[in-house]
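For reference, the structure discussed in these notes is given below.
All values derive from a computational prediction rather than experimental measurement.
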Amino acid sequence: MTLDQQHPQYNRDRPIIESLLQGEPSNLNLAELARLRVRYNGFPGARDIQANLDTILQKWNLTEEQLFERTRLIHEAGGIYKTRGKREEQDWN
């Protein structure tokens, strides 16, 4: 029997997920959803977050493949994570 682990980014990600649950599929929200899907894919824990990510995909009527296809185009265009004069930051860890 393996015990579920606490993801080190859980407390930082939880408010983002709550926002996505209430939000619409904007470019930023799609990018955030894809980033979090990658982060939590196969992680042995954070089952509530993984379930919420599935719920958001269903709510937005997307498959994971469609999500990644759309976000590849968003990232190719660039600038989705630029903030007020700072360099583009992406937190994939």
| Regarding Asn52 and Arg47, is there a side-chain donor-to-acceptor distance under 3.5 Å anywhere? | no
| query | Do Gln50 side-chain atoms and Phe43 backbone N/O form a donor-acceptor pair below 3.5 Å? | reply | yes
| Contact summary for Trp60 and Leu20, nearest pair of heavy atoms | CZ2-O, 3.6 Å
| task | Carefully, step by step, assess Arg35 and Ile16 under the rule side chain to side chain contact (heavy atoms under 4.5 Å, CB included). | result | CA-CA 11 Å; Arg35 180 178 65 83; Ile16 296 168; 3.7 Å; yes
| message | Quick check: closest heavy atoms across Leu21 and Ile56, and the distance to 0.1 Å? | response | CD2-CG1, 3.6 Å
| query | Are any non-hydrogen side-chain atoms of Arg70 and Leu33 less than 4.5 angstrom apart? | reply | no
| task | Report yes or no: does Gln22 contribute a side-chain atom to a donor-acceptor pair with the main-chain N or O of Ser19 at less than 3.5 Å? | result | no
| Going by distance alone, is a donor N or O of one side chain under 3.5 Å from an acceptor N or O of the other, for Asp48 and Tyr10? | yes
| Are any of the side-chain nitrogens in Arg37 or Asp54 under 4.0 Å away from the carboxylate oxygens of its partner? | yes
| query | Are there more than 12 heavy atoms of other residues, nucleotides or ligands under 6.0 Å from atom CD of Gln6? | reply | yes
| field | Pair His7-Ile49, side chain to side chain contact (heavy atoms under 4.5 Å, CB included): steps then yes or no | value | CA-CA 10 Å; His7 194 283; Ile49 283 183; over 6 Å; no
| task | Return yes if some donor-acceptor pair links the side-chain N/O of Thr71 with the main-chain N/O of Ile74 below 3.5 Å, else return no. | result | no
| message | Is there a side-chain contact between Ile17 and Arg14 in this structure, where contact means two heavy atoms from C-beta onward sitting under 4.5 Å apart? | response | yes
| said: Looking at every heavy atom in both Ile80 and Ala31, which two are closest together, and how far apart are they? | reply: CG1-CB, 4.1 Å
| query | To the nearest 0.5 Å, how far apart are CD in Glu32 and CG in Asp13? | reply | 8.5 Å
| said: Working to the nearest 0.5 angstrom, can you tell me the gap between Gln66 CD and Leu57 CG? | reply: 9.0 Å
| request: Check the pair Glu69, Arg72 against salt bridge (Lys or Arg N to Asp or Glu O under 4.0 Å), reporting the backbone distance first and the verdict last. | output: CA-CA 5 Å; Glu69 183 178 314; Arg72 271 192 295 276; 5.2 Å; no
